[in-house]
Amino acid sequence: MMVQKFLDAVESPRPTEIDPDPIETAEWLEALEGVIRAGGKARGLYLLGQLAERARSLGIVPNVQPYSAYRNSISLEKQGAYPGDLALEERIIAIHRWNALAMVVRANKAYGELGGHIASYASAAEMLEVGFNHFFRGPEAEGGSDLVFFQPHSSAPGVYARAFLEGRLTEEHLANYRQEVGGMGLCSYPHPWLMPDFWQFPTGSMGIGLLSSIYQARFMRYLEHRGLSDTSGRHVWGIFGDGEMDEPESVAGLTLAAREGLDNLTWVINCNLQRLDGPVRGNGQIIPELEALFSGAGWNVIKVLWGSTWDGLFARDRNNALLRNFAATVDGKYQTLGAKDGAYNLANFFHQDPELRALVAHMSDTEIHALNRGGHDLRKLHAAFAAARAHRGAPTVILAKTKKGYGMGGAGESRMTAHQTKKLDFDALRAFRDRFELPLSDDDLHELRFHHPGEESAEVEYLRARRTALGGFLPTRSARATPLTVPAVDGYGGFAIAADGKEMSTTMAAARMFGGLLRDKELGPRVVPIVADEARTFGMDGLFRQVGIYAPSGQLYEPEDAGSMLYYKEASDGQILEEGITEAGALSSWVAAATSYSTHGLPMLPIYIFYSMFGFQRVGDLIWAAADQRARGFLFGATAGRTTLSGEGLQHQDGSSHLLAATVPNCRSYDPAFAFELAVIMDRGMKVMLEEQEDVFYYITVYNENYPQPSIPEGGVEDGIIRGLYRFSEVSPKASDGHVRLLGSGALMPQVLEAARELAEEWNVSSEIWSATSYVELERDARDVERWNRLHPSQSRRTAYVSESLDGDTPIVALSDYMRACPQLIAAYVQAPFTALGTDGFGRSDKRTSLRRFFEVDAEHVVLAALSALADQGAVEGSVLTEAIRRYGIDPEAPAPWTV
Ligand SMILES: Cc1ncc(C[n+]2csc(CCOP(=O)(O)OP(=O)(O)O)c2C)c(N)n1
């Protein structure tokens, strides 16, 4: 690295400094060339290394910049010939530009509020087209398809425009851009949920596409190393934005990608120097900043800054005047220069330095204006893509300098407001047409007619032939995958089904079930256990030895615990993805595995287990994207509950994840109390996802409290467990003063059981005990029924499962280790008085008993709530409540837990 930095510094003297002794410099450079001629490249490098070392020890290179000069990484000599028909490709791009623009302008003219972007695609058109015509391999390609991540707003209009010429979308589709309701519409951004045959990867939320693409590339290697799929010929590409690079997710996986040598991954960062509001780095330079970031992380960096029209100038610029002035130009100024004409550029850039003035003395304003940026030059881009594809040992990033709104002229080119431009007046449209020599009449412009050059046209034939050669159209999403057979639950979950009072936590039960599933001959190899440095926390360290931790280079050291039975085993075919402390990374791995049925035609069963508080709350947007991508798999929120995870405190104790899970339409979430419930849910979940192939995923919370686990009750409770509620037992005193229904979930169920006993023995009240495994599922069913009844007034009424189960006016007390809003999800659907007890407020460190008293969710508070409800009904005397408060030492003046 040091040598490389030094080489870069040597190769490009500080461009801002003028060489005080050019003769001496020339001697040194000649000496170096002589050494390389005589002794070869290796000798040259060795000498430079020695020089770098010496320079460092002399203290003269304390601050070598980790970036190179502001010019293309690939020299003209190494550029190679362009393998396509340049003129034809330019014409095709011009048509895409027009159709993409017309689509957005039409939608906004007609409806005003539909949004859409023109300027971003205008800057990305060439890079997309080079990819489509020469690199992105389609589904029928030998060795399999590439995976392409498209930046949402900059790619979608262009990708639709292209699909129109490809014959995959019709004019009607384009006319319905951003009008999805009612069919034939096109979604704003890549959403597999909305266009399941088309888009593969959701990227609408900035940053997610970048992180996801790294973990997809990594997962392809995982499949390869584990002998499950030959992914060696496949590549992951991503087109992203320079502004987008500021998202933490964008940079979160950089070192992993380099560490694991993911040379099957290339990112193209569209450096148009602007984001939505203004410049990305107005007072600095984003390109060197990104170069430093990526090269520091170990990526191969290729810069494509200047187009072919600059080649001649660079060739004649012996003294690096261009580089010197580029280095001194901040991006805010580049933007202004980009927005102005040749005369302005001459006056404000070239004439600021006598050497530059001389360099361009022969050029007219028009020629200066035609000096293009590298990201709009097909030849430069192609050379960069080819070099990236050929690079071995590290992922590549191509930093392509472009202009936002390229070709939009006064209507948007490099303008501060370019991002938001959605309407163009007639003059701007005419200028656009003329600029790109589009065969459109004034009438076509007025009407914003989409342009199709005809099925037999050279453009369409060329573009289709290129796709045929590359293996078919992209993006294309497939859901074809052979179902996997789910093993009988008695095998991996038998211990839980017949637990017979044995004490254990649901986390322990889950870990044991995972072990059992991994041992299954057919399904076992498809299970992908994922942890973010918490396997030991959840008692899963036994799996380290059982199936090994995936490490592409194997284990290069003898583990400290080599002598132990359960030693820390890393292996190139290891099965566990031990991600380290990155929930975002772990979730992205989970997505890669959970969508493998589609991306690779190979269904997998990912099981990611994590601190429940660091799931939906921490990486909720990634989960939302996973849902969009139709992920199938298990998410296990462990150490669940706000009072069960004793000790850890405010940041760790989770009282909200079930509410957040409820917001994801295809996430089925469960809060089981007993190990047998967990077994039933897992069994059903696997059948739904792997056999029936429904696009749903499961979120299940498990707790770390040990308590006696009963066997599954007789009488078929499985259906109730899945629907979210079933009657677990009943406690009936001989002479009953009242009757209540107690609902419990998760690790608070023992509190409910204790309350029922206390109510019977001390207060002569009988209770039914119901296990509420999922308030969310109950509410969904009830919501469906309510809607159906409203819309079908003339038909006989339907009854929701929860209303039917909890019919009558027996008071209900529902206890949850989650916020009251969880049980309250069902309150509107029952007639009886409903009291929800939950854990609203900030958690804090203490033991379980103290926390449960503080949050008023212990057995005593359940008893009080039940008696209170009975008193309201007149079933017990009011004085009983005072007595209960006294007897249980409840402080009526204690502050509400959510206020402190
Ligand atoms: C997480 C998130 N925040 C904000 C947005 C809204 N947004 C869409 S595009 C954009 C600007 C993108 O800038 P850049 O990455 O530089 O791409 P450009 O449009 O300039 O090509 C913003 C802020 C979003 N889509 N996702």
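As the structure lists them, so they are numbered: ligands from 1, and atoms in each ligand from 1. Here the structure is a predicted model, which means the values were calculated and not measured.
Sorted by chain and number, the residues within 4.0 Å of ligand 1 by heavy atom are Ser120, Gln151, His153, Gly204, Ser205, Met206, Gly241, Asp242, Gly243, Glu244, Glu247, Asn270, Asn272, Gln274, Arg275, Leu276, Lys404, His419.
Put simply, the side chain of Thr599 never gets that close to the backbone of Ser596: no donor and acceptor are under 3.5 Å apart.
Ion pairing of Arg373 with Glu126 is absent here, as no side-chain N (NZ or NE/NH1/NH2) approaches a carboxylate O to less than 4.0 Å. Using a 4.0 Å cut-off between charged side-chain N and carboxylate O, Arg162 and Glu129 make a salt bridge.
Side-chain contact of Arg168 with Tyr160: a donor-acceptor pair under 3.5 Å is absent, judged by distance alone.
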Can you list, pair by pair, the side-chain donor-acceptor contacts under 3.5 Å of residues 271-290, counting residues two or more places apart and other chains?
unit_1	atom_1	unit_2	atom_2	d
Asn272	OD1	Gln274	N	3.1
Asn272	ND2	Ser123	OG	3.2
Gln274	NE2	Arg415	O	2.9
Arg275	NH2	Pro279	O	3.4
Arg281	NE	Glu289	OE1	2.8
Arg281	NE	Glu289	OE2	3.4
Arg281	NH1	Asp246	OD2	3.2
Arg281	NH2	Asp246	OD1	2.7
Arg281	NH2	Glu289	OE2	3.0
Gln285	NE2	Phe326	O	2.9
Gln285	NE2	Thr329	O	2.7

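For Lys401 and Tyr334, the positive end sits near the middle of the six-membered ring, less than 6.0 Å away and at most 45° from its axis.
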